[in-house]
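Some notes on the structure that comes next.
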There are 2 protein chains.
Amino acid sequence: MRLSSLADYAVVMMAAAARHCGAGAGLDPATRKHVKMNATTLSAETGIPLPTAQKLVSRLSAAGLIESSRGTGGGIRLARPPAAISLADVIEAVEGPIAMTPCAEHGAHDCGLEDECRVRPHMNAVTGAVRGALAGVTLASLSGRAH
Amino acid sequence: MRLSSLADYAVVMMAAAARHCGAGAGLDPATRKHVKMNATTLSAETGIPLPTAQKLVSRLSAAGLIESSRGTGGGIRLARPPAAISLADVIEAVEGPIAMTPCAEHGAHDCGLEDECRVRPHMNAVTGAVRGALAGVTLASLSGRAH
DNA sequence: CTCAAATCGGACTGATTCGTTCCGATTGCC
DNA sequence: GGCAATCGGAACGAATCAGTCCGATTTGAG
């Protein structure tokens with residue numbers, strides 16, 4: 001009942017990225033240097049080891065939460081406004097779907113225990129509650145703006 | 001963001017135990033044979049491997065959720081009524097305190113990242129929400145009585 | 001009172017997953 | 001066209017977890 005270290009790091013990193021993103025959309029050609037972020041910058045700011053930060057950038061980019069551009073002067077930026085990215089999105093991007101039990105993932109994955117499992121429907125409800133709690137916190141609220 | 005297999009098994013096992021416990025307190029000398037439960041019985045009923053069931057019995061007993069008596073004719077019984085045992089109790093008994101992040105466990109366990117972590121207070125709130133969702137489901141509701 | 005059976009309790013082994021690190025592919029600037 | 005800096009994926013080591021086994025303890029019968 002504890003999220004993995006990578007997910008924890010990802011949340012901290014995305015919060016830092018949202019903080020640098022400022023109030024604007026995150027990409028304006030004029031002051032691009034100010035919002036320029038990359039794995040090295042985020043690593044130095046958050047204290048996360050650089051290789052780990054790179055790995056997280058890869059996963060978050062593959063999940064569509066950030067957009068990355070390669071090459072010299074490249075970097076990353078949030079794909080959506082901070083208010084539209086929740087903890088559930090970040091956690092699911094790093095460690096897969098949020099599901100308390102394996103049977104609550106694909107929908108009809110029999111666990112093999114008990115012909116008529118009476119625990120599963122309640123587990124689905126619990127999963128929904130947990131997911132709702134995580135979806136209710138956005139990066140905007142983590143950046144300290146909308147306390 | 002998924003509870004361990006042992007915790008899942010423990011929930012199923014405790015639900016089965018609560019079902020056999022019936023509506024009464026769970027221990028009456030006259031019909032003791034009816035509510036007699038042990039690791040072997042629960043294993044056969046739930047499909048959980050016997051050694052694993054034994055391990056779970058040990059942990060649940062150490063946590064004070066069930067009371068065990070050794071020797072011939074011994075067995076286990078719930079220490080409290082099913083309505084007074086929640087999923088949070090069972091999960092904490094098996095896999096330790098419920099805490100999303102390591103810093104939310106002892107209270108002041110600095111993670112070393114960022115001097116002023118602005119994510120932690122929100123993580124505490126999320127941890128509370130998850131814990132509340134798990135504490136809201138009791139063994140009585142899992143047994144199908146109080147739907 | 002002695003013996004024997006049955007149970008819980010703790011310790012060990014193997015495996016899977018997680019976290020970390022390193023190296024290659026790709027792109028923009030000079 | 002060459003160079004430098006960046007992301008992307010692959011490989012290694014470590015830790016935790018799931019599962020299994022055997023010993024300590026207690027009760028019941030003879």
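Residue numbering restarts at 1 for every chain, and letters A, B, ... go by the order of the sequence lines.
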Worksheet item: Roughly how far, to the nearest 0.5 Å, is the CZ atom of A:Arg80 from the OG1 atom of A:Thr138?
Response: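 Between atom OG1 of A:Thr138 and atom CZ of A:Arg80 there are 11.5 Å.
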Practice prompt. Give, for atom CD1 of A:Ile66 and atom CE of A:Met13, the distance between the pair rounded to the nearest 0.5 Å.
Written response: 6.0 Å
Worksheet entry | Side-chain heavy-atom pair A:Arg131, A:Glu92 within 4.5 angstrom cut-off | yes
Please state how far atom [atom1] in [X] lies from atom [atom2] in [N], giving the value in whole angstrom units.
X	N	atom1	atom2	result
B:Met37	C:dC8	CE	C1'	15 Å
B:Asn38	C:dG9	CG	P	13 Å
B:Arg59	C:dC8	CZ	P	16 Å
B:Ile48	D:dG19	CD1	C1'	13 Å
B:Leu50	D:dT20	CG	P	10 Å
B:Gln54	D:dG23	CD	P	15 Å
B:Lys55	C:dT7	NZ	C1'	17 Å
B:Leu3	D:dA18	CG	P	10 Å

Would you say [N] has OP1 or OP2 under 4.0 Å from some side-chain N or O of [X]?
X	N	result
A:Ser69	C:dT27	no
B:Tyr9	D:dG19	yes
A:Ser5	C:dG19	yes

Item to complete: For side-chain contact (heavy atoms from CB on, under 4.5 Å), just list the numbers for A:Glu95 and B:Met1, CA-CA rounded to whole Å, side-chain angles, deciding distance to a tenth of an Å, and then say yes or no.
Response: CA-CA 8 Å; A:Glu95 61 179 17; B:Met1 213 47 235; 3.0 Å; yes
Checking contacts here: which listed nucleotide ([options]) is nearest the side-chain heavy atoms of [X]?
X	options	value
A:Arg70	C:dT21, D:dG19, D:dC7	D:dC7
B:Ser68	C:dC8, C:dT20, C:dC22	C:dC8
A:Ser61	D:dG8, C:dT20, D:dC22	D:dG8
B:Thr52	C:dC18, D:dG19, C:dC23	D:dG19

Practice prompt. Identify whether any heavy atom of A:Ala62 sits under 4.0 Å from a base atom; if not, whether one sits that close to sugar-phosphate; answer base, sugar-phosphate or nothing.
Written response: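 Here A:Ala62 touches no strand at all.
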Practice prompt. State whether the distance check finds a donor on one side and an acceptor on the other, under 3.5 Å, for side chain B:Thr72 versus base C:dA5.
Written response: yes
Practice prompt. Return yes if a side-chain donor-acceptor contact under 3.5 Å exists between A:Thr127 and A:Asn124, otherwise no.
Written response: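 No pair is found: no donor N or O on one side chain lies under 3.5 Å from an acceptor on the other.
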